[in-house]
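Notes follow the structure.
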There are 2 protein chains.
Amino acid sequence: MARSSKITIRDVAARAGCGVATASRVLNRSGATSADSRERVERAAAELGFSFSAIGRALQSSRSMTVGVLVPSLANPVFAEAVQGTQEELRDAGYQCLIASSTYDPARDAEALGVLTAKQVDGLIVTMVAPEESPALGAARTRDIPAVLMFHDPRAGLLSAHVDNAAAAREVARQCAAAGHRATGFLALRFSTSDRSRARFTGFTQGCAELGMAAPVLVEVSEAEAASPDALARTLAAHPDLTAIFASNDFLAIALQRAARELGLRVPRDLSVVGFDGIEIGRHLDRPLTTVETDPEAMGRQAARLLLAMLRGETPEQPAPLPFTFRPGATLAAPAEDRDDDRAATRSPSAHPDQNPSLKRT
Amino acid sequence: MARSSKITIRDVAARAGCGVATASRVLNRSGATSADSRERVERAAAELGFSFSAIGRALQSSRSMTVGVLVPSLANPVFAEAVQGTQEELRDAGYQCLIASSTYDPARDAEALGVLTAKQVDGLIVTMVAPEESPALGAARTRDIPAVLMFHDPRAGLLSAHVDNAAAAREVARQCAAAGHRATGFLALRFSTSDRSRARFTGFTQGCAELGMAAPVLVEVSEAEAASPDALARTLAAHPDLTAIFASNDFLAIALQRAARELGLRVPRDLSVVGFDGIEIGRHLDRPLTTVETDPEAMGRQAARLLLAMLRGETPEQPAPLPFTFRPGATLAAPAEDRDDDRAATRSPSAHPDQNPSLKRT
DNA sequence: CTTCGCGCTGGAAACGTTTCCATCGAGGGC
DNA sequence: GCCCTCGATGGAAACGTTTCCAGCGCGAAG
């Protein structure tokens, strides 16, 4: 049917026997047009299978109707869900998403920002390794490209769609205290390139202090360790005194339980585990995960709404952090009275805390 | 520093004291230029903080260096990972991804395709509800926009990056048979808008037939049922005869185990469960999930490579389906001798198979 | 000394759209 | 009957880039 080469508004105008200006006015319902030419243009367009070239439009109006979204990785469902939310919200406003991911590499963050701005995105929604230190983000802003953060705490004059990680972590501390825990740990990826993880740790530490608990032990593991139950078990064995561990995300929390089982520890009897994020799967486990539930999709949507407001020329206020819920689950309970004995009996004899470089006290 | 309004190649040329043609040649390293003007143009560009407008470029070259990616939803990690892979592979070739999701709605599929082609994407990578019935996809192809499928079986002259769902399902049948199961079920979402799920069911049915097993019972549930352990348990209770259930994806498999536990059934003693996809989390469960492991990221990468070849003007062959692995896990085992008694004792009395509309025999 | 060729250069067209502006015609008020 | 107004229309410019083409100067070959 349609010729394989592009149909332009010129072709439509020619077929309708009018000028391109009229055709444009009809097709955009802008400006006054007679019923007669309206009819002719519409028929011509339909017959030709015409559709606008977004490129031509963008060039002329210098609005691309595209927004750039930068996240560390879509392989992390938390970000993927957020992007899904962003996308839904933007779609309703006629915008598309150009998506880039940095794989947690600051250099890639900068590069991606460069590419996105070259593509003339109308706005930016970003989650970066270090937004405040990013010259690329600064450059985008000096070019008057509106930008909002996602997941980060608001900073440097940028609005952000986020949850209050520190407050959520304090709530976890409260719940641990209420269950009777005194010696807690915080499990995170080493070299964590996530300021969210850091915020959770400081919040947790602060909460513990307020409640008169010992400062939590920071247990850092590499990605490789986290993926290997054995390795994780060895690291865990180096901390026999801990009765509860707050993992910086649900995946770590689940992996941690596996490691605990490897050591013969029963969760939550011998070790309580709390996660973060509230991924769906956590509900469906035999022993539902105790975690802090957040709503990444809502975060994505809020970021999109903020950006849309800015694109409309408004100057929205920084909204309150999105709510989080402590989801009780079944992996946090009072520590068993006799747990120390159990623990000593099953602890791997090869564990030497002093030699373990991932052990840090704060 | 930079003026807030756009810097064009014209500005660079003016500052370098040369014509735009020369500036373009220098900045693109195309055509002959003197060392002198090269130096001047480069300095001017640097001083001005110039960067090309991808829009201007796209308009002139009619190549946008953007490819459209359409998936049902990024909230499904399988698709999110695939997109991540696609993106990585395309990025290395200088392409960006315009991503759209349909939320499993065929109308949205068509709409998204329209928007993507209007944005002048150079190619398309799609996973749709019904690719063969999509006029929008046909329209894109008549406009000479190269397209490749992802997850789907190759069809209608389109190449696809996929796994052989039917073969994988036959392998599951084989494993079930080897474990001694005779009465099996297939758990899927009702009105499943996934031809992959259908392919798995037919493959499983075929495998069962070849191995002399009874045809599997198709157990369909709504999304709501799948999300509610109680509802899923009621449905499961309607099938007391089944000793093994193949779930159409890992999430269903995990939810199913929860439901089984609700009925007092032990997995795998009383009921074996096999999943599909091989999501990471399945490995870390207390009872690692028996499943078919696929590699969505590899699929995304392969789709990208196919498309890139087409964009280079080559006509690649349909590659072999990507490999899958049967991951043994711990949720498939021989059915217990005495399970029928257990089952009868714990079955919910409210279950009336005849009244259950989701029970179908194939 | 002329001519040829070649390296380098800049003007201009083209890509597809929107919008400003000028033009044209018709209808209404005087 | 004339002029003004207003609605409808089309030409053309502009957006930023690449590339064709013509022109320039200079060196080498005859």
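Just so it is clear: chains get the letters A, B, ... in the order the sequence lines come, proteins before strands, and each one is counted from 1. A quick note: this is a predicted structure, and the numbers were derived from the prediction, not measured.
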(request) Could you list by number each residue of residues 11-18 of chain A showing a heavy-atom separation from DNA chain C of less than 4.0 Å, or answer none if no residue does? (result) none
(request) Give, ordered by number, those residues of residues 114-122 of chain B having at least one heavy-atom distance below 4.0 Å to an atom of DNA chain C; if nothing qualifies, reply none. (result) none
Provide the full list of ring pair (Phe, Tyr, Trp, His ring centres under 6.0 Å) pairs with a residue in [range], sequence neighbours left out, each pair given once.
{"range": "residues 8-60 of chain A", "answer": "A:F50-A:F52"}
{"range": "residues 67-94 of chain A", "answer": "A:F79-A:F151"}
{"range": "residues 89-123 of chain A", "answer": "none"}

Which heavy atom of [X] sits nearest a heavy atom of [Y], and at what distance?
{"X": "B:E42", "Y": "B:R29", "value": "OE2-NH1, 3.4 Å"}
{"X": "A:Q87", "Y": "A:C97", "value": "CA-SG, 3.9 Å"}
{"X": "A:L98", "Y": "B:Q96", "value": "CD1-CB, 4.0 Å"}
{"X": "B:G157", "Y": "B:R141", "value": "O-NH2, 3.6 Å"}

Please answer whether the main-chain N or O of [Y] pairs with a side-chain N or O of [X] as donor and acceptor at a distance below 3.5 Å.
{"X": "B:R155", "Y": "B:D153", "result": "yes"}
{"X": "B:S53", "Y": "B:I55", "result": "yes"}
{"X": "A:T117", "Y": "A:L113", "result": "yes"}
{"X": "A:D109", "Y": "A:V129", "result": "yes"}
{"X": "A:R38", "Y": "A:T33", "result": "yes"}
{"X": "B:D105", "Y": "B:A107", "result": "yes"}
{"X": "B:D295", "Y": "B:A298", "result": "yes"}

(request) Using a strict cut-off of less than 4.0 Å between a Lys/Arg side-chain nitrogen and an Asp/Glu carboxylate oxygen, indicate whether B:R40 and B:D36 qualify as a salt bridge. (result) yes
(message) Could you check whether A:E81 pairs with A:R301 (Lys NZ or Arg NE/NH1/NH2 to Asp/Glu carboxylate O, under 4.0 Å)?
(response) no
(request) Kindly calculate the angle separating the two end axes of the helix from C:dC1-D:dG30 to C:dC30-D:dG1, each obtained from five base pairs, and round it to 10 degrees. (result) 60°
(message) A side-chain contact here means heavy atoms from C-beta on lying under 4.5 Å apart; do A:P131 and A:L158 qualify?
(response) no
(request) With a 4.0 angstrom cut-off to heavy atoms of chain B, pull out the first and last contacting nucleotide of DNA chain D, in 5'-to-3' order. (result) D:dG16 to D:dC20
Between protein and nucleic acid, restricted to nucleotides 4-8 of chain C and to nitrogen or oxygen atoms under 3.5 Å apart, what atom pairs and distances do you find?
none

(request) Assess the side chains of A:S62 and A:Q120: does a donor N or O sit below 3.5 Å from an acceptor N or O? (result) no
Show which side-chain atoms of residues 66-74 of chain A pair as donor or acceptor with protein atoms under 3.5 Å away, not counting sequence neighbours.
residue, atom, partner, partner atom, Å
A:T66, OG1, A:S64, O, 3.1
A:T66, OG1, B:K119, NZ, 2.8
A:S73, OG, A:A75, N, 2.9

(request) Quick one: list whatever passes side-chain hydrogen bond (donor to acceptor under 3.5 Å, both in side chains) with A:T8, sequence neighbours left out. (result) none
(request) On DNA chain C, check which nucleotide each of B:T22 and A:S30 is closest to and give me the residue with the more 5' one. (result) B:T22
Any protein N or O atoms within reach of nucleotides 23-25 of chain C? Criterion: under 3.5 Å, listing atom names and distances.
none

(message) Contact list please: residues 50-65 of chain A against DNA chain D, heavy atoms, distance less than 4.0 Å, in numerical order.
(response) A:L59, A:Q60
